[in-house]
Amino acid sequence: MALFNKNLVRIGWFLGWRQLKRSSLWSNVLIIIVMILTFLNLVVVSGILVGLIQGSVNANKNYYISDLLITPLKEKDYIEKSQNILTNIELINGIENITARYRTSGTIESNYKLRTNFDDEPETVSTIIVGIDPINENLVTTMSQLLVEGEYLDSSDFDKVLVGSSLLRRYLDIESPGFDLLDDVFIGTKIRLSIEGQSREVAVKGILKSKVDEVDRRVFMVDSQLRSMISRPDLNVGEISMRIDETIVSPDRVKEILVNNGFDKNAKIQTFEEAQPKFLQDIKDTFAILGSIISSIGLVVASITIFIVIFINAITRRKYIGIMKGIGVNGLAIELSYVFQSLIYAIVGSAIGLVLVYTLLIPYFAANPIDFPFSDGILVAPLDSTLFRIGLLIFATALAGYVPARMIVKKNTLDSILGRK
Amino acid sequence: MKKIIQAKGIKKTFYSGKIETPVLKGIDLDVQEGEFLAIMGRSGAGKSTLMYQLSLLDEPTAGNIIVNDVDVLKLSGKKKTVFRLKNLGYIFQDYALVPELNAVENVSIPLLMSGMSIKKSFEKSRLVLKNLGLDNQSNNLPSQLSGGEQQRVSIARAIVDNPKIIFCDEPTANLDSESARVVMDILKNLNRKGQTIVMVTHEREYGKETDRIIHLVDGLIDKEERLR
């Protein structure tokens with residue numbers, strides 16, 4: 001029985017491959033193009049939808065949170081024993097770079113020199129002012145690459161700041177009560193920075209754009225200057241981010257070490273997965289479902305296309321199918337010949353699609369992300385989920401090839417030979 | 001001589017809604033092993049329908065058919081297919097070659113179905129094609145062959161697995177006289193070597209070259225001519 005079945009598979013392949021090889025090149029090319037498009041629809045549509053959010057997730061990690069983020073406990077506005085924590089972190093093998101940020105809330109004001117009527121509201125924006133060591137910050141978050149105008153900070157810069165683009169109207173033109181933006185701020189423009197009743201006039205040295213609110217809605221200056229304004233002699237900082245060489249130590253392990261040293265009593269210690277905004281994961285999951293729905297429709301359309309192609313093929317060859325049955329070829333072998341043809345279409349289409357996605361589209365979107373207001377969208381196509389989708393496509397195509405072939409093969413042999421209905 | 005086909009009381013009626021069209025009205029027919037039988041008659045007399053019943057391509061409305069000692073009407077569909085493969089060969093008026101398969105591949109189908117390897121089946125098919133004068137055309141597709149050549153490929157396919165009986169449905173009808181002559185000579189040669197052949201034809205010239213002719217009129221055997 002097993003041998004008999006093996007023989008049917010062999011004959012199915014014999015008939016299917018030859019029929020495919022000797023049929024019209026252009027119709028084969030056309031069907032394969034349909035399969036490639038179906039594959040791309042399956043992988044790329046959901047990949048881009050997920051990639052929009054993944055772009056945001058990546059930006060949060062690369063430009064703000066990094067691999068581990070330490071922030072103050074709920075009731076504090078600074079991290080207690082910051083210097084102890086920093087010393088401990090530096091001793092852990094595998095920590096590549098650390099940045100410690102002072103932070104405080106304050107306001108910035110523009111056009112204050114042109115203000116003639118003091119009954120008018122001043123042009124101010126509430127923001128977080130962050131003091132950084134420019135070199136360390138750049139090593140962790142590559143902040144210098146986020147400049148869209150101007151230059152990055154030097155450690156020796158005095159009264160100079162970097163301003164997030166989402167504080168400026170020319171970058172974020174939103175008219176909404178309570179959402180203030182500054183006008184007329186350019187490189188070199190003097191703005192007034194106010195913290196806890198103290199004011200200082202500073203010059204804008206650069207403008208940052210990262211599509212991460214924690215960067216784009218903040219003002220950055222050299223840490224020593226901010227510390228002098230907020231009088232923080234204890235050197236307790238507001239945030240610590242660090243980049244970790246995960247081949248040496250995992251972020252979870254670093255967190256564990258810090259917790260074991262009791263620093264969780266002084267600060268909130270979070271890995272990137274814990275610190276990333278939860279809504280991003282929710283949107284990612286929702287987009288993944290949405291992508292799957294769209295892809296499923298594509299899969300059904302492709303299956304119907306294959307069904308029609310095979311049905312037309314089988315019905316026009318009904319006479320020959322009848323003759324083959326007549327001379328003793330088992331119906332299953334004939335059905336398998338059509339399944340093999342469908343499988344070849346699906347496998348070739350998927351293989352070309354796979355090459356396109358991994359050698360062309362993913363590198364292309366990585367180099368040229370889709371510019372969405374909230375993220376730089378990339379194409380996300382993990383190999384395991386792509387292979388699952390290929391499996392799905394191959395299964396649906398095989399079924400779409402089998403059903404019409406079965407419909408024709410099961411017709412009466414003599415009716416098929418004579419072309420009777 | 002063994003009776004290789006024994007058909008008794010064969011009736012075939014076609015139904016179209018409430019309309020009944022009796023085509024075969026009770027035919028008794030025996031075919032001896034090694035016999036070359038011609039079934040003749042006017043168009044609509046039922047000669048092809050009779051051949052389809054005898055060759056298991058169709059099932060009669062009534063009657064019994066024993067082929068090579070097997071009560072074939074009791075076989076299931078799958079067993080009939082296997083029976084056809086192992087015992088019967090077919091030659092059709094329009095050659096009925098699979099268009100995407102070349103000559104040797106067309107001929108190989110029954111051998112492959114019997115479980116022979118592709119290499120061996122191609123070797124055997126090429127030999128049969130060579131014997132039929134087609135050694136240079138074995139790699140040609142049907143569309144690259146003349147009608148006579150296609151019919152010879154069809155004959156090669158019918159005989160390649162040494163069937164007990166070959167059924168021919170108007171094998172010369174689509175051919176010019178020269179090609180028809182070649183086909184008839186091949187069939188006669190096969191018969192001389194002991195091959196049982198049942199041939200439907202409306203061409204008396206070729207019918208006369210067989211061992212026996214049965215003439216059908218309105219679904220019944222009108223007369224029988226024993227020629228040899």
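Chain A is the first sequence line, chain B the second, and so forth, proteins listed ahead of strands; every chain is numbered from 1.
Listed for the A:Arg10 side chain is a donor-acceptor partner under 3.5 Å among the backbone atoms of B:Leu112. No side-chain donor-acceptor contact under 3.5 Å links A:Arg18 to the backbone of B:Leu101. Looking at A:Asn330, its side chain never comes within 3.5 Å of a backbone N or O of B:Thr81 through a donor-acceptor pair.
Between B:Ile109 and A:Ile327, some side-chain heavy-atom pair lies under the 4.5 Å cut-off. When side chains are defined from C-beta on, B:Pro99 counts as touching A:Arg317, because their heavy atoms get closer than 4.5 Å. The side-chain heavy atoms of B:Glu100 and A:Leu15, taken from C-beta on, include no pair separated by under 4.5 Å.
Interface remark: A:Leu414 contributes backbone and side-chain atoms alike to the contact with chain B (heavy atom separation under 4.5 Å). Heavy-atom distances place no part of A:Lys21 under 4.5 Å from chain B, backbone and side chain included. Contacts of B:Phe83 with chain A are absent, with no heavy-atom separation under 4.5 Å from either backbone or side chain. Of the atoms belonging to A:Ile321, not a single heavy atom falls under 4.5 Å from chain B. Only the side chain of A:Ile417 comes within less than 4.5 Å of a heavy atom of chain B; its backbone N, CA, C and O stay farther away. Proximity to chain B is limited to the side chain of A:Ile323, based on heavy atoms less than 4.5 angstrom apart. In this structure, no portion of B:Asp161 lies under 4.5 Å from any heavy atom of chain A.
Sparse packing is recorded around NZ of B:Lys86, with 12 or fewer heavy atoms of other residues, nucleotides or ligands lying under 6.0 Å away. No more than 12 heavy atoms of other residues, nucleotides or ligands shown are found within 6.0 angstrom of CZ on B:Arg42. Enclosure of atom CZ in B:Phe14 by more than 12 non-hydrogen atoms of other residues, nucleotides or ligands within 6.0 angstrom is indicated. Heavy atoms from other residues, nucleotides or ligands lying under 6.0 Å from CG of B:Asn131 number more than 12. Heavy-atom contacts from other residues, nucleotides or ligands closer than 6.0 Å to NZ of B:Lys11 number 12 or fewer. The environment of A:Lys411 atom NZ is sparse: at most 12 non-hydrogen atoms of other residues, nucleotides or ligands sit within 6.0 angstrom.
The minimum heavy-atom distance between B:Arg84 and A:Thr413, with the atom names listed, is NH2-OG1, 4.5 Å. Annotation for A:Gly328 and B:Met113: closest pair O-CG, 3.3 Å, computed over non-hydrogen atoms. Residue B:Val98 comes nearest to A:Tyr320 through the heavy atom pair CA-CD2, 4.2 Å, listed as atom of the first residue, atom of the second, then distance.
Using non-hydrogen atoms only and a strict 4.5 Å limit, the part of residues 46-67 of chain B facing chain A consists of B:Tyr52, B:Leu57, B:Asp58.
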